[in-house]
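What follows is a short report on a single structure.
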Amino acid sequence: MYLDAILNPLNEAQRAAVSAPLVPVLVLAGAGSGKTRVLTHRIAWLIQVEHASPYSILAVTFTNKAAGEMRGRVEQLLGAPPGVLWIGTFHGIAHRLLRLHWREAGLTQGFQILDSDDQQRLVKRIIKANDLDESRWEPREVTWFINSNKDEGRRPKDLKAGNDPTRAQMIRLYGLYEEACARAGVVDFAELLLRAYELWRDHPELLAHYRQRFRHVLVDEFQDTNSIQYAWLRLIAGPEGHPFVVGDDDQSVYRWRGARVENLQQFRRDFERSKLYRLEQNYRSTAAILMAANGLIAHNSGRLGKTLWTNGEPGLPIQLYAAFNERDEAEFVARRVADYVASGNRRDDIAVLYRSNAQSRAFEEAFIAARIPYRVYGGLRFFERAEIKDALAYLRLLLNRDDDGAYERVVNLPTRGIGERTVETLREEARAAGSSLWKAATSRSDAQQGGRTANALRGFHELIDRLAQEIAGLPLHEQIDHVLKQSGLIEYHGREKPSQDAVRGEVARNEARLENLAELVSAARSFGAESADLELPPLEAFLAHAALESGERQSDAGEDSVQMMTLHMAKGLEFMYVFLCGMEEGLFPHQRCISDLEALEEERRLCYVGMTRAMKHLYLTYAEQRRLHGMDTHPAPSRFIKEVPQDIVAEVRPRVQVARAVAAARMRRDQPAVPAIRFRTEEPPPPGMHLGARVRHGKFGEGVVLNVEGSGPHARVQVNFEQQGTKWLMMQYANLEPVS
DNA sequence: CGTGGGCGGATTTTT
DNA sequence: TCCGCCCACG
């Protein structure tokens with residue numbers, strides 16, 4: 001019986017959720033409690049037990065990765081490719097709807113998608129075109145204004161400026177931006193969602209059709225939905241529907257980009273018949289780690305409430321390390337990593353997590369010095385790389401000459417004598433005529449046709465027209481290959497820097513760019529049927545794919561390496577050993593969040609997310625001195641450290657000969673199972689730094705030496721300052737003066 | 001038209 | 001401190 005396969009692998013709570021009746025369902029799924037499993041098994045349950053047609057199922061996620069995983073696991077479970085199932089991201093599904101109903105949605109048939117970078121550039125061009133000061137009207141801010149309004153479902157006409165001239169200008173720019181998008185036939189990410197929502201809202205017959213069809217809607221990571229996504233969900237579900245949503249209010253960390261945890265509560269109000277299920281059994285972490293995480297998150301208010309528990313190992317206490325500075329912090333982590341690897345662990349199982357990307361630097365340096373392979377996540381993804389975007393701009397222009405963004409990007413790339421002056425004139429002409437740059441250029445009067453730049457411009461247009469003709473009928477990858485070669489892009493990146501005694505990095509970078517371009521062709525070759533059902537020509541489909549799925553972050557997988565990433569990127573992942581670093585006030589919680597309770601609670605959730613990534617060992621580290629923006633700071637340890645129940649925290653201190661008596665008190669809580677660190681040297685302590693000595697520090701004032709470890713530049717002393725309390729300091733940096 | 005130096009700003013990121 | 005962007009120069 002199918003039932004067994006679906007329900008047997010589940011625990012009681014999971015089983016209850018999976019086999020819930022056809023009413024609206026909210027599953028509160030704690031970290032590591034089998035959330036994806038519940039979703040996939042629910043889909044199988046609907047099909048095999050409720051006899052739902054796969055055709056009637058719509059499953060929505062936030063990331064392509066999650067969608068891919070879900071699809072894979074459903075296939076596995078059903079033993080067949082559930083081809084007709086709609087599983088995708090909010091954006092992917094919105095895109096699909098808009099392709100199918102572009103006319104009703106008020107779009108052009110071949111509309112293309114702007115990624116955030118394209119969008120920002122467009123906003124910037126609009127600001128410039130309106131002679132506004134870019135420092136007064138920052139493109140970032142304007143873009144944020146536009147997107148956050150779209151996220152809330154508001155068009156320019158819905159906005160009132162009141163007496164606020166700044167706001168009035170913002171609204172005006174929003175309107176101009178919309179016009180520009182319409183003229184160029186492009187939509188941004190937020191627009192995909194808003195249009196899809198409006199499509200259904202304004203076309204009752206379409207909505208009725210899709211409601212009839214998608215009887216079963218499932219949503220992953222529901223706590224991350226924004227207003228428009230939730231409104232869209234309510235539309236498709238209708239008053240009689242029974243959406244199945246899974247989320248965790250304690251893991252909501254994207255409020256700053258429009259996510260609304262309140263949607264969880266709102267769901268219960270809007271769907272009165274809804275049932276709530278809690279998944280609290282955790283299959284990932286040790287009891288100690290869960291106690292720490294539970295204790296921390298209990299400090300947040302207004303939670304739906306949930307306590308993780310496990311049947312598994314009690315595990316080791318949380319290890320807390322107080323470093324002198326970020327270098328010491330990194331060296332500590334590197335030593336521990338080396339220990340783990342020496343005892344047979346894979347580096348892939350070790351993660352260094354931090355609040356902000358800048359923190360990776362110190363760790364990279366320490367890992368390089370210790371010859372530990374590592375991988376930093378973050379940075380540009382494949383389709384975001386400049387050379388790739390250049391190539392895509394050519395392709396976009398081939399499909400749509402009115403795509404001004406694409407036009408500006410490649411009109412002089414490679415250099416063909418069309419300078420800023422020429423483009424500026426073109427922009428003015430286009431603005432005056434209310435047309436695109438391409439049209440403005442082609443409709444110039446004869447008087448303007450003679451000069452050198454006019455010839456260059458004509459050459460460019462002829463190139464584009466010629467390419468468009470030449471690639472007609474070719475297979476996708478040959479189209480791209482042809483454009484890359486004939487446009488001169490390959491040559492442009494391929495040429496060696498002349499003279500300038502071979503800057504080696506430059507050559508390497510050019511090679512990498514050429515490789516990426518080659519990779520683009522092979523990506524096109526393997527880009528197959530996935531969008532066939534949209535009845536889009538392959539090139540259009542490929543461009544949409546490039547925008548919606550920006551590709552891998554790292555090309556060089558391969559070697560077993562320590563994983564380094566921000567806490568945000570770690571969400572949804574798990575690691576055997578986790579180092580949660582930079583646990584300092586001002587860094588984590590971040591300075592900008594400290595005075596805002598909502599933001600502070602989000603920081604705490606982020607910390608909770610970080611802690612619950614760990615399966616076996618969790619370390620918290622902080623530095624007593626940290627260089628930030630080139631300035632030395634002396635941050636206090638993060639409040640989050642104190643919010644963890646102290647009886648499951650063990651402070652790590654290097655074990656040394658000196659001052660054993662004082663250290664012993666600290667050591668009592670340290671666990672013997674964790675290998676102690678030994679200093680290589682056992683030379684006498686630095687002069688004047690004996691126990692009980694009075695010393696003065698530039699910032700902390702006077703204090704008494706409580707503890708001394710090591711010698712030479714690496715020596716560290718613990719000082720009890722009259723004002724600031726007890727601190728560990730590094731002799732090398734501290735500049736302590738003896739006081740007599 | 002391309003580059004180098006000066007200046008300002010410096011969470012978090014997916015689609 | 002360091003990185004990215006803008007402008008002035010070659």
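In the text below, chain A, chain B and the rest are named by the order of the sequence lines, each starting its count at 1.
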Of the candidates B:dT15, B:dT11, C:dC3, the side chain of A:His91 sits closest to B:dT15
Spacing between A:Met565 atom CE and B:dT11 atom P, to the nearest angstrom
21 Å
Any side-chain N or O of A:Thr566 below 4.0 angstrom from OP1/OP2 of B:dT13?
yes
Measure the distance from CD on A:Glu134 to P on C:dC6 and round it to the nearest whole Å.
6 Å
Give A:Ile93 one of three labels, base, sugar-phosphate or nothing, depending on what nucleic acid heavy atoms sit under 4.0 Å from its own.
nothing
What I'd like to find out is whether the side chain of A:Leu392 reaches to under 4.5 Å of the side chain of A:Leu543, using heavy atoms alone.
yes
Less than 6.0 angstrom separating the ring centers of A:Trp86 and A:Phe214, yes or no?
yes
Is the aromatic ring centre of A:His590 closer than 5.5 Å to the centre of the six-membered base ring of B:dT11, with the two planes inclined by less than 30°?
yes
Across the strands shown, which category fits A:Met569 at heavy-atom distances under 4.0 angstrom: base, sugar-phosphate, nothing?
sugar-phosphate
Of the options B:dT14, B:dT12, B:dG2, whose atoms approach the side-chain atoms of A:Thr63 most closely?
B:dT14
Tell me if the centroids of the rings in A:Tyr407 and A:Phe460 come within less than 6.0 Å of each other.
yes
When you measure only distances, ignoring hydrogens and angles, does the side chain of A:Ser116 come within 3.5 Å of the base of B:dT15 through a donor and an acceptor?
yes
Interatomic distance where CG belongs to A:Asn64 and P belongs to B:dT14 [whole Å]:
11 Å
Would you please indicate if the ring centroids of A:Tyr254 and A:His568 are separated by under 6.0 Å?
yes
Counting the atoms with a prime plus P, OP1 and OP2 as sugar-phosphate, which does A:Lys571 contact under 4.0 Å by heavy atoms, base, sugar-phosphate, or nothing?
nothing
Rounded to the nearest angstrom, tell me the gap between atom NZ in A:Lys150 and atom P in B:dT15.
18 Å
Classify A:Glu420 by what it touches in the nucleic acid, base, sugar-phosphate, or nothing, heavy-atom distance under 4.0 Å.
sugar-phosphate
Among C:dC2, C:dC6, B:dT11, the one nearest A:Arg592 by side-chain distance
B:dT11
Testing C:dC6, B:dC1, B:dT12 for proximity to the side chain of A:Arg355, the answer is B:dT12
With the stacking rule set at 5.5 Å and 30°, tell me whether A:Trp256 counts as stacking on B:dT11.
no
Under-4.0 Å side-chain N/O to phosphate OP1/OP2 contact, A:Arg627 with C:dC2:
no
At less than 4.0 Å, is any side-chain N or O atom of A:Asn357 found next to OP1 or OP2 of B:dT13? Yes or no.
yes
